[in-house]
Amino acid sequence: MKLVVAVVQDQDSNRLSNALTKNNYRATKLASTGGFLRSGNTTFLIGTDDTLIPKLLEIIRENCRSREQMVAPVSPMGGNADSYIPYPVEVEVGGAIVFVLPIEQFHHF
C-alpha cells in the first residue's frame with residue numbers, strides 16, 4: 001500500500017480529478033499555496049495498492065502539464081532591493097510534484 005501526495009497547479013486540478021475518478025482512484029483534495037509564486041495549488045492524497053502506482057503516475061503525468069507564464073514580482077518589504085527585478089518575468093509553472101510514501105496500515109471505516 002502506498003500514499004501518493006501530488007501537488008498540482010489549480011489549472012490542472014479539475015482535469016486530474018476527473019481522470020482519477022474515471023480510472024477508479026479515490027482522492028482527497030486539499031487547497032494549498034505555493035511558496036515561490038504564492039499561487040493556488042491543489043494537493044491530492046491518494047491511497048492505492050503498490051501495483052497500481054505506475055498507472056496512477058501516468059494519469060498524473062498526462063493531466064498536469066508545465067507551461068510558461070508571465071509573473072509580476074513581489075516588491076521586497078524592507079529587505080535588500082539589490083536583487084529585485086521590477087518588471088514581469090517568464091517562469092515555468094504547472095506540472096506536478098509527486099511523493100510516493102509507504103503505508104504501514106490502512107483502515108477504511
Side-chain angles (χ1 to χ4, degrees):
M1 190 72 171
K2 300 284 192 229
L3 172 65
V4 175
V5 179
V7 181
V8 304
Q9 191 178 33
D10 278 345
Q11 283 181 262
D12 298 325
S13 174
N14 286 335
R15 185 173 47 250
L16 178 58
S17 183
N18 291 337
L20 292 172
T21 302
K22 180 180 173 184
N23 287 278
N24 298 315
Y25 287 96
R26 293 183 183 180
T28 299
K29 289 172 53 173
L30 304 172
S32 53
T33 304
F36 176 62
L37 297 175
R38 295 181 181 89
S39 60
N41 293 323
T42 301
T43 300
F44 287 85
L45 303 177
I46 309 158
T48 191
D49 189 74
D50 292 18
T51 60
L52 300 175
I53 293 295
K55 175 66 175 167
L56 175 57
L57 294 175
E58 184 59 31
I59 291 168
I60 295 170
R61 185 179 295 112
E62 289 173 355
N63 289 280
C64 301
R65 294 176 175 48
S66 61
R67 59 189 71 76
E68 299 293 320
Q69 178 177 318
M70 295 297 285
V71 295
V74 178
S75 63
M77 297 290 286
N80 184 355
D82 293 341
S83 62
Y84 175 66
I85 303 170
Y87 49 86
V89 294
E90 189 172 58
V91 296
E92 185 176 316
V93 298
I97 302 297
V98 181
F99 302 93
V100 180
L101 308 167
I103 299 300
E104 228 174 90
Q105 293 184 15
F106 171 77
H107 303 279
H108 184 112
F109 301 110

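Predicted, not measured: the structure shown is a model, and the values here were computed from it.
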| field | Mutual orientation of the aromatic rings belonging to F109 and H107 [parallel < 30°, tilted 30-60°, perpendicular > 60°] | value |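 Rings of F109 and H107: parallel, as their planes differ by under 30°.
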| Within the side chain of Y25, is there an N or O that forms a donor-acceptor pair under 3.5 Å with the backbone of L52? | yes
| Just by distance, do the side chain of D49 and the backbone of M1 share a donor-acceptor pair under 3.5 Å? | no
| request: Could you list the residues that satisfy salt bridge (charged side-chain N to carboxylate O under 4.0 Å, His left out) with E62, not counting sequence neighbours? | output: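 Expected list: none.
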| remark: Sorted by chain and residue number, the salt bridge (charged side-chain N to carboxylate O under 4.0 Å, His left out) partners of R26 (sequence neighbours excluded) come out as none
Out of curiosity, does [Y] fall in the hydrophobic cluster containing [X] (side-chain heavy atoms, cut-off under 4.5 Å, transitive links)?
{"X": "L101", "Y": "L57", "answer": "no"}
{"X": "L45", "Y": "L56", "answer": "no"}
{"X": "I103", "Y": "F44", "answer": "no"}
{"X": "L30", "Y": "V7", "answer": "yes"}
{"X": "I46", "Y": "V5", "answer": "no"}

| What residue among V98, L16, I59 forms side chain to side chain contact (heavy atoms under 4.5 Å, CB included) with C64? |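 By the side chain to side chain contact (heavy atoms under 4.5 Å, CB included) criterion, C64 pairs with just one of V98, L16, I59: L16.
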| query | Ion pair present between K55 and E58, side-chain N to carboxylate O less than 4.0 angstrom? | reply | no
Indicate the atoms forming the closest heavy-atom contact of [X] with [Y], along with that distance.
{"X": "P102", "Y": "K2", "answer": "CA-CD, 4.0 Å"}
{"X": "L20", "Y": "A27", "answer": "CD1-CB, 4.0 Å"}
{"X": "S13", "Y": "V8", "answer": "CA-CG2, 4.2 Å"}

| Does the side chain of N63 come within less than 4.5 Å of D12's, by heavy atoms? | no
